[in-house]
Amino acid sequence: MELRVRLLNDAGVSRHGRYVLYWCRWNRRVEANHALAYAAGIANRMNLPLVVYQRLTAYYPTACDRFHTFELEGVSGFAAAVRALGAGFVFQLPDSGRAGGEDRREVFAGAAVVVTDDCLRGTPRLDTQLIAVDASCIVPAGAIGQRCYAAYSIRPRIHKVLERYLRPVPRVELRRECRESFAGLHTEVAPGDIPALIGGCGVDRSVPPSTTFRGGRAEAERHLARFLDERLHRYARDKNEPSAHATSDLSPYLHYGYISALEVALAVSERARERKLMAGEFLEELIVRRELAWNFARYAPRLDSLEVLPEWARKTIHDHRRDRREYVYTREQFDAAATHDDLWNATQKELRLRGKIHGYYRMYWGKKILEWSAGATEAHATMLGLHDRYALDGDDPNTYTNILWCFGLHDRPWPERPVFGTIRSMVRSGMERKTDTKAYIREIDFLDRMGKEPAG
Ligand SMILES: Cc1cc2nc3c(=O)[nH]c(=O)nc-3n(C[C@H](O)[C@H](O)[C@H](O)COP(=O)(O)OP(=O)(O)OC[C@H]3O[C@@H](n4cnc5c(N)ncnc54)[C@H](O)[C@@H]3O)c2cc1C
């Protein structure tokens, strides 16, 4: 456990604290949550109750109906699960005019110790001891201990210790029940109230909820069950064919912490053992690729800059900066899915409608933005901006890492071509040869016209 834990400030334990606070900023679940379990352990040792605190702020530029809905859809289930443990639950929903606020300070003021998720969110100044726990990775980032520059370098490090970490997290048991009342500080969320609650937040209503994904733990479990029953056995064969629907669609649920990579890996490994299936390809994505992204997020000096690219990639971008581009689109044209390429437009529509793009076509989406932007800096800003606006799995280590992958991160030089230089390129003819592009375009057109997935 210790390799998952980091002390984030020098403040001591508050002697007047009435409870231990788990400030949930990423892992919105009670199951398989190392941070919650760690907070519960401290509470039991101090003979104090545990309080779980969740806050959904509207105080960031891309706060919108889609993200608020996906998070609010998870609140009532999470609250019920937390209360069933005997812990207290406080949820706050400030409007877009409020950044910090008295209400938040009051919750922190009662805490003896604050435990939070080790994640991309910045570290606030607190007068109380603040501890971060890595509940997102299977092998804690601290156990790798250094930046890895490619999948081949992190893979052996992960596999060396994986068995030690691929174990269920014991169920949380609390000694003291929480009797604290947070009247006036807590907002109750009933599923039927969500549109009205969002209406009061002042967030952008022009990005509607996903056509496809509903938030919450139950939905995460439903997606996992569907993957195990209907998709795992054909994942390795069909994962690059969008119309085959063979991938898990778990990335929004992993990003919001409704489910943990650990639970998914355990469930997939068990099903593979029972049914004699090959799960290696899936586990490579879920563990090695995903944890390479978390490793990057932990150790890279910046996440959102082309400056962190390897030397060869920065050089080739510089060398090809003046190459003539056959098409040049603005961020607005990309956003509106208004390019000359109906396959690319379909990928952008999928992002706008569903809130994610199929993994294989997401590479095409990124590579073409690089090819059809005025320059690499513009392309990078467009990719980040479109993720910030629409992606339910955006603002994640995977977002920053995979967008930079389009520019050569964690990759190697390829034969030289115009515009791309030695960065790996993708072409439409290749997509047509390897996948059923027409079926995908038809499917997204249907979704665009009907505003919902076909029944069944
Ligand atoms: C330009 C670009 C942007 C991307 N942005 C995001 C993003 O914002 N958020 C995000 O989660 N992923 C992102 N990815 C990675 C990948 O496309 C998605 O993780 C995957 O498509 C999610 O769908 P799924 O859950 O059905 O994946 P599955 O194939 O079912 O994989 C299961 C899980 O493994 C992990 N995974 C799969 N592929 C990768 C990968 N290449 N790198 C790291 N982890 C992976 C994800 O957590 C995923 O949910 C991006 C890829 C590209 C090329």
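All values derive from a computational prediction rather than experimental measurement. Atoms within a ligand are numbered from 1 in the order they appear, just like the ligands themselves. As a basis for the values below, the full set of heavy atoms in this structure was taken, side chains included, without hydrogen atoms, waters or symmetry mates.
With distances taken over non-hydrogen atoms, the option nearest atom 27 (O) of ligand 1 out of C406, S248, A246 is S248. Here the shortest heavy-atom distance to atom 51 (C) of ligand 1, taken over I369, L286, N402, T247, belongs to N402. Nearest to atom 21 (O) of ligand 1 by heavy-atom distance, out of G394, G366, G359, is G359. With distances taken over non-hydrogen atoms, the option nearest atom 24 (P) of ligand 1 out of I259, D249, D388 is D249. Proximity annotation for atom 28 (P) of ligand 1: of Y253, W365, Y235, Y235 comes nearest, heavy atoms only.
In this structure, atom 16 (C) of ligand 1 has its sub-4.0 angstrom surroundings free of protein heavy atoms.
Scanning all heavy atoms of the two residues, the minimum distance from W26 to L254 falls at NE1-O, 4.1 Å.
Between D342 and the choices R442, R428, K438, the salt bridge (Lys or Arg N to Asp or Glu O under 4.0 Å) rule is met once, by R428. Here the rule is side-chain hydrogen bond (donor to acceptor under 3.5 Å, both in side chains) with H255, and of D396, D395, T399 only D396 fits it.
Ligand 1 lies out of reach of Y360, whose nearest heavy atom is not under 4.0 Å from it.
Contact annotation for K239 and ligand 1: no heavy atom of the residue comes within less than 4.0 Å of the ligand. With a 4.0 Å cut-off on non-hydrogen atoms, F227 does not touch ligand 1 at all. Looking at A293 against ligand 1, nothing comes within 4.0 Å, counting heavy atoms.
Scanning the protein for heavy atoms near atom 23 (O) of ligand 1, the closest one is K356 NZ, 3.1 Å. For atom 9 (N) of ligand 1, the nearest non-hydrogen atom of the protein is D393 O, 2.9 Å. Scanning the protein for heavy atoms near atom 22 (C) of ligand 1, the closest one is S251 OG, 3.3 Å. In this structure, atom 8 (O) of ligand 1 lies nearest to the protein heavy atom T399 OG1, 2.7 Å. Counting only heavy atoms of the protein, atom 10 (C) of ligand 1 lies nearest to N398 CB, 3.3 Å. Nearest protein heavy-atom neighbour of atom 32 (C) of ligand 1: F282 CE1, 3.4 Å. Protein heavy atom nearest atom 4 (C) of ligand 1, with residue, atom name and distance: R362 NE, 3.3 Å. Nearest protein heavy-atom contact of atom 39 (C) of ligand 1 is E285 OE1, 3.5 Å.
Between H387 and ligand 1, a contact under 3.5 Å exists for at least one N or O pair. In terms of polar-atom proximity, defined here as any N/O pair under 3.5 Å, W405 makes no such contact with ligand 1. Geometrically, ligand 1 and D396 share no nitrogen or oxygen pair separated by less than 3.5 Å.
Between the side chains of T69 and D65, a donor-acceptor pair is found at a separation under 3.5 Å. Of the N and O atoms on the side chains of Q92 and Q54, not one donor lies less than 3.5 Å from an acceptor on the other residue. With no hydrogens or angles considered, a side-chain donor-acceptor pair links Y361 and T435 at under 3.5 Å. A donor and an acceptor atom, one from each side chain of Y60 and D388, are nowhere located under 3.5 Å apart.
The distance between the ring centers of F70 and Y258 falls below 6.0 angstrom. The six-membered or imidazole ring of F89 lies near that of F78, with a centre-to-centre distance under 6.0 Å. Side-chain rings of H320 and F420 stay apart, their centers remaining 6.0 Å or farther from each other. Taking the six-membered ring for Trp and the full ring otherwise, the centers of Y149 and H410 sit at least 6.0 Å from each other. Taking the six-membered ring for Trp and the full ring otherwise, the centers of Y400 and F296 sit at least 6.0 Å from each other.
Near R289, meaning under 4.0 Å from any of its heavy atoms, are these atoms of ligand 1: 40 (C), 42 (N), 43 (C), 44 (N). Close approach to L254 involves these atoms of ligand 1, each under 4.0 Å from a residue heavy atom: 47 (O), 49 (O). Less than 4.0 angstrom separates some heavy atom of M363 from each of these atoms of ligand 1: 53 (C).
A cation-pi geometry, defined here as NZ or CZ lying under 6.0 Å from the six-membered ring centre and within 45° of its normal, does not hold between R314 and W312.
Counting heavy atoms from C-beta on, the side chains of Y165 and C137 never come closer than 4.5 Å.
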